Amino acid sequence: MSDHSPDLDQGERRFLLFHVMPPPVERYLVRPDDDGRLMLIAIKTLPSKKASDCAIPFSSYQRIASYFLADLSVDVVALAQLTRETADVCGD
C-alpha cells in the first residue's frame, strides 16, 4: 500500500470513513466555504430521509485520491491497512 499517504489528517480520515459507512454517497458538490477555500462535499441521504454531508478542502482530495476506486467507493482494505499502521505508531 505504498501509494497511500500514511499521514492523513483527521478531516481526511473522516471523509474516507464517511464513504465506507452506509448508505452510499449519492453526489458531490464543490463550493467555497466562508473563507473562500474550495470544499469537496460528499452528500448522502440517511434512512430517516435527512441529508448528511462531509466536506474537506478540495486541495486535500489529491492526498486521499489513491484510496478511491474507479466507482468512487473507498478501498476499505487500504483504509484498514492505514488504520492498523496508525494504531501501531500511536501506541499499544
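Counting begins at 1 with the first residue of the sequence. All values reported here derive from a predicted model rather than from experimental measurement.
The side-chain hydrogen bond (donor to acceptor under 3.5 Å, both in side chains) search around D34 returns none, not counting sequence neighbours. By the salt bridge (charged side-chain N to carboxylate O under 4.0 Å, His left out) test, D33 is found to be paired with R37, residues two or more places apart in sequence or in another chain being considered. For R14, there are no salt bridge (charged side-chain N to carboxylate O under 4.0 Å, His left out) partners at least two apart in sequence or on another chain.
By the rule that hydrophobic residues join a cluster once side-chain heavy atoms approach within less than 4.5 Å of another member, L29 and I64 end up as members of separate clusters. Under the 4.5 Å side-chain contact rule for hydrophobic residues, Y67 and V20 share a cluster.
Smallest separation of non-hydrogen atoms from L40 and F15: O-CE1, 3.7 Å. Considering every non-hydrogen atom in both F18 and I43, the closest pair reads CE2-N, 4.5 Å. In plain terms, the two heavy atoms of L8 and R13 that are nearest each other are O-NE, 3.4 Å. Pairing each heavy atom of H19 with each of V25, the nearest pair is CD2-CG2, 3.6 Å. Minimum heavy-atom separation, S60 to I56: CB-CD1, 4.0 Å.
For the pair I41 and R31, the minimum side-chain heavy-atom distance is below 4.5 Å. Residues K44 and D53 form no side-chain contact, since every pair of their non-hydrogen atoms from C-beta on lies 4.5 Å or further apart. Considering only heavy atoms from C-beta on, E26 comes within 4.5 Å of T45 through its side chain. Between V74 and L69 there is no side-chain heavy-atom pair separated by less than 4.5 Å.
Rounding to the nearest 0.5 Å gives a distance of 10.5 Å between SG of C54 and OH of Y28. Distance check, rounded to the nearest 0.5 Å: OG of S59 to CE of M39 gives 8.5 Å.
Listed for the R63 side chain is no donor-acceptor partner under 3.5 Å among the backbone atoms of E12.
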